[in-house]
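Letters A, B, ... are given to chains in the order of the sequence lines, protein chains preceding strands, and every chain is numbered from 1.
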Protein chains: 2
Amino acid sequence: MSKDPSHTPKHRRHSDQVTLSQVAKSAGVSPITASRALNNPTKVSDTTRRNVLAAVERLGYVPNLVAGSLASSRSKLIAVIVPSLINSVFVEVIKGLQETLEAEGYQILLGNTDYDLDREYQLVRTFLGWSCSALVTAGLRHNKACHKLLANWEHPIMEVMELGKGMDLNVGLDHVAAGRCMASHLVDKGYRDIVYVGARLAQDYRASMRYEGHKAVLQAHGIDAPIVELDTLGSLKAGSESLDQVFAQHPKTQAIHFANDDLAAGALLAAQRQGLNVPNDIAIAGFNGLPLGQHVTPQLTTILSPREEMGRLAAKELIRRLSGKNVVRRQHDVGFKLQLGEST
Amino acid sequence: MSKDPSHTPKHRRHSDQVTLSQVAKSAGVSPITASRALNNPTKVSDTTRRNVLAAVERLGYVPNLVAGSLASSRSKLIAVIVPSLINSVFVEVIKGLQETLEAEGYQILLGNTDYDLDREYQLVRTFLGWSCSALVTAGLRHNKACHKLLANWEHPIMEVMELGKGMDLNVGLDHVAAGRCMASHLVDKGYRDIVYVGARLAQDYRASMRYEGHKAVLQAHGIDAPIVELDTLGSLKAGSESLDQVFAQHPKTQAIHFANDDLAAGALLAAQRQGLNVPNDIAIAGFNGLPLGQHVTPQLTTILSPREEMGRLAAKELIRRLSGKNVVRRQHDVGFKLQLGEST
DNA sequence: AAAAAGAATGATAGCGCTATCATGACAGCG
DNA sequence: CGCTGTCATGATAGCGCTATCATTCTTTTT
């Protein structure tokens with residue numbers, strides 16, 4: 001069998017992109033040295049580093065991070081999975097994460113489950129496939145498959161929003177306690193006919209946790225704890241429409257404890273439009289401490305949750321873990337604060 | 001020189017992760033066939049496909065997308081670069097993008113420039129390194145290096161928010177026209193002492209474009225077009241604090257045209273707290289059509305911009321392009337709508 | 001001055017997957 | 001019957017980078 005040396009090799013894939021090898025050649029070093037010059041600058045001499053950087057500049061080299069990740073089975077990607085982008089609360093957490101992670105050179109792969117745990121599982125699968133170096137997810141609840149997948153994963157997992165025993169790291173606040181806190185406030189103020197109003201509680205289960213705390217306090221005082229559940233997700237609109245519904249079902253209502261500030265502010269503005277006096281005709285309380293609630297008159301009584309701070313703290317803990325440091329505490333309570341307005 | 005066959009091979013990297021080869025072996029086919037069964041189901045027989053899928057299930061295989069991307073030099077990643085996450089406008093665009101892209105199996109790599117074009121360039125570099133299949137960026141302005149980098153890039157580039165001649169695809173609205181529209185409305189209403197108020201206009205240059213439109217209309221009527229620039233980024237707080245500043249600089253002000261609804265709503269709520277009547281003492285107009293503005297009393301006059309729609313449309317166009325379809329129009333005007341409230 | 005340790009660089013062999021070409025089996029057809 | 005075409009599958013060779021080990025040369029130690 002005679003070879004045909006003039007035959008063009010069969011496996012030729014083109015790519016006009018500049019590669020590290022080209023940079024290396026241009027700088028007069030081997031590819032691996034060029035790699036070191038870019039990723040472990042201390043491992044090469046000053047001259048070499050300068051030459052390589054000059055070549056990078058000259059050729060307009062853009063590192064292929066995909067190839068790098070495959071070779072090193074590491075990546076500077078961090079998966080962030082949230083249940084919603086409409087709810088500004090998650091966006092603020094993302095913002096906290098993002099500003100801290102991006103400063104350390106990490107990129108965020110963003111996923112939205114739309115409050116669907118099966119969707120979450122799918123996203124987790126996909127993201128693991130990108131060999132992310134960590135995963136941030138909102139909440140402690142996952143479906144079975146997701147749990148199993150994550151349990152065998154060797155990278156840090158950060159569960160945010162609610163405090164509790166998670167799979168790995170956890171930064172959040174105690175929602176049951178927050179519910180108790182607000183309910184106590186309302187009872188102390190002398191209200192007795194208090195309705196809790198939330199939206200899609202099966203999905204937004206943290207709102208249900210707050211209701212649990214709320215109910216416990218009311219029952220301890222021998223008071224009934226009625227709840228009204230809205231169909232639509234929390235929003236100003238839903239809040240403003242909820243007023244009628246509450247009064248229809250509970251005509252004697254003195255105070256409404258809303259699951260979040262969007263609903264509460266919507267109701268407050270609607271009450272004003274209807275000529276109701278807040279808090280004399282109806283007291284209104286929220287949760288989150290959104291700027292909106294602080295700017296309406298009367299100012300909304302709410303519970304401040306440190307959302308951006310939660311994101312920042314989560315990011316910092318992740319970075320500590322990723323840089324090999326021992327992580328002492330696995331759980332971080334960011335707390336909350338009762339913000340007294342004039343709406344109660 | 002004698003070889004030592006008992007010597008352990010030198011290049012051994014471990015990885016307990018299940019690979020496609022293992023799946024293939026378990027299914028009794030070659031790796032490439034297993035690959036096809038997962039990615040080109042029509043290219044294999046039904047039996048083979050079933051066997052492979054069963055093996056995937058059995059072994060808990062999670063595809064290594066990094067390896068796949070390197071081999072195919074394609075990825076299901078789409079880079080999204082926005083100037084801010086505080087401004088809910090961008091978040092809504094992201095939401096529109098995200099829900100449409102995720103449905104097609106694309107993931108979003110999120111970057112935040114914080115209104116810094118150099119930062120944008122860095123992000124673009126990084127994201128190109130991930131061989132994203134497309135890039136979405138807010139705005140038509142980029143720095144020189146970024147332009148050069150993108151001009152040579154062979155994947156779709158989608159510039160959103162503002163309408164204009166972009167690098168590739170474009171979905172947005174005409175901000176100059178929007179500024180004209182609101183200014184005309186104010187002039188028609190009989191206002192003559194009109195102040196435009198914005199924040200960090202050098203960075204939020206779309207707000208300046210609206211001012212340009214605003215100024216043109218006022219000047220056409222022989223009216224002066226004073227502008228007040230705030231230091232802090234647009235927010236309710238900045239808006240509420242801006243009132244005093246405006247009156248200090250322009251005591252006779254009849255109407256304020258705010259660069260966005262956050263500022264406008266903040267000012268409106270502040271005016272009410274100060275006992276000013278809106279619109280009789282002071283008329284207030286905004287831009288964006290945020291829900292907030294529609295729920296305050298008086299309802300805010302503003303310009304509705306279809307933000308989620310913009311994201312969805314951008315995503316759809318990208319998907320069309322990515323699936324190889326010819327893209328007819330490169331520019332899409334999503335328009336805007338004057339929303340008359342009682343605040344003017 | 002010889003031995004040991006360190007610093008800088010390079011050669012090699014993959015990371016896990018898919019593009020490309022090659023093969024064998026079988027159908028249709030003049 | 002041989003020819004072409006289609007279908008299902010496989011063998012091979014990378015994608016662009018870095019981990020690992022090997023080498024050379026310089027510095028430090030005894």
### Task
Run through Asn112(B), Thr137(B), Asn143(B), Thr113(B) and flag the one making a side-chain hydrogen bond (donor to acceptor under 3.5 Å, both in side chains) with Glu120(B).
Thr137(B)

How close or far is atom [atom2] of [N] from atom [atom1] of [X], stated in whole angstroms?
X        : N       : atom1 : atom2 : answer
Lys25(A) : dA11(C) : NZ    : P     : 13 Å
Asn51(A) : dA8(C)  : CG    : C1'   : 14 Å
Leu20(A) : dC15(D) : CG    : P     : 14 Å

For the backbone of [Y] and the side chain of [X], can you confirm whether one donor and one acceptor N or O come within less than 3.5 Å of each other?
X         : Y         : value
Asn170(A) : Glu159(A) : yes
Ser35(A)  : Pro31(A)  : no
Gln107(B) : Lys76(B)  : no
Asp116(A) : Asp118(A) : yes
Ser131(A) : Ser73(A)  : no

Would you indicate, yes or no, if [N] has its OP1 or OP2 atom less than 4.0 angstrom from a side-chain nitrogen or oxygen of [X]?
X        : N       : value
Thr33(A) : dA8(C)  : no
Arg74(B) : dT18(C) : no
Ser30(A) : dG10(C) : yes
Ser21(B) : dC17(C) : no
Asn64(B) : dC15(C) : no
Ser35(B) : dT18(C) : yes

### Message
So for the helix from dA1(C)-dT30(D) to dG30(C)-dC1(D), with five pairs setting each end axis, what is the inter-axis angle to 10°?
### Response
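That helix has its two terminal axes inclined by roughly 30°.
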
Counting any heavy atom closer than 4.0 Å, what does [X] reach on the DNA or RNA strands: base, sugar-phosphate only, or nothing?
X        : answer
Val66(B) : nothing
Ser73(A) : nothing
Ser69(B) : nothing
Arg49(B) : nothing

#### Entry: Student check: side-chain heavy atoms of Arg119(A) and Asp114(A) closer than 4.5 Å
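Heavy-atom side-chain distance check fails, nothing below 4.5 Å.
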
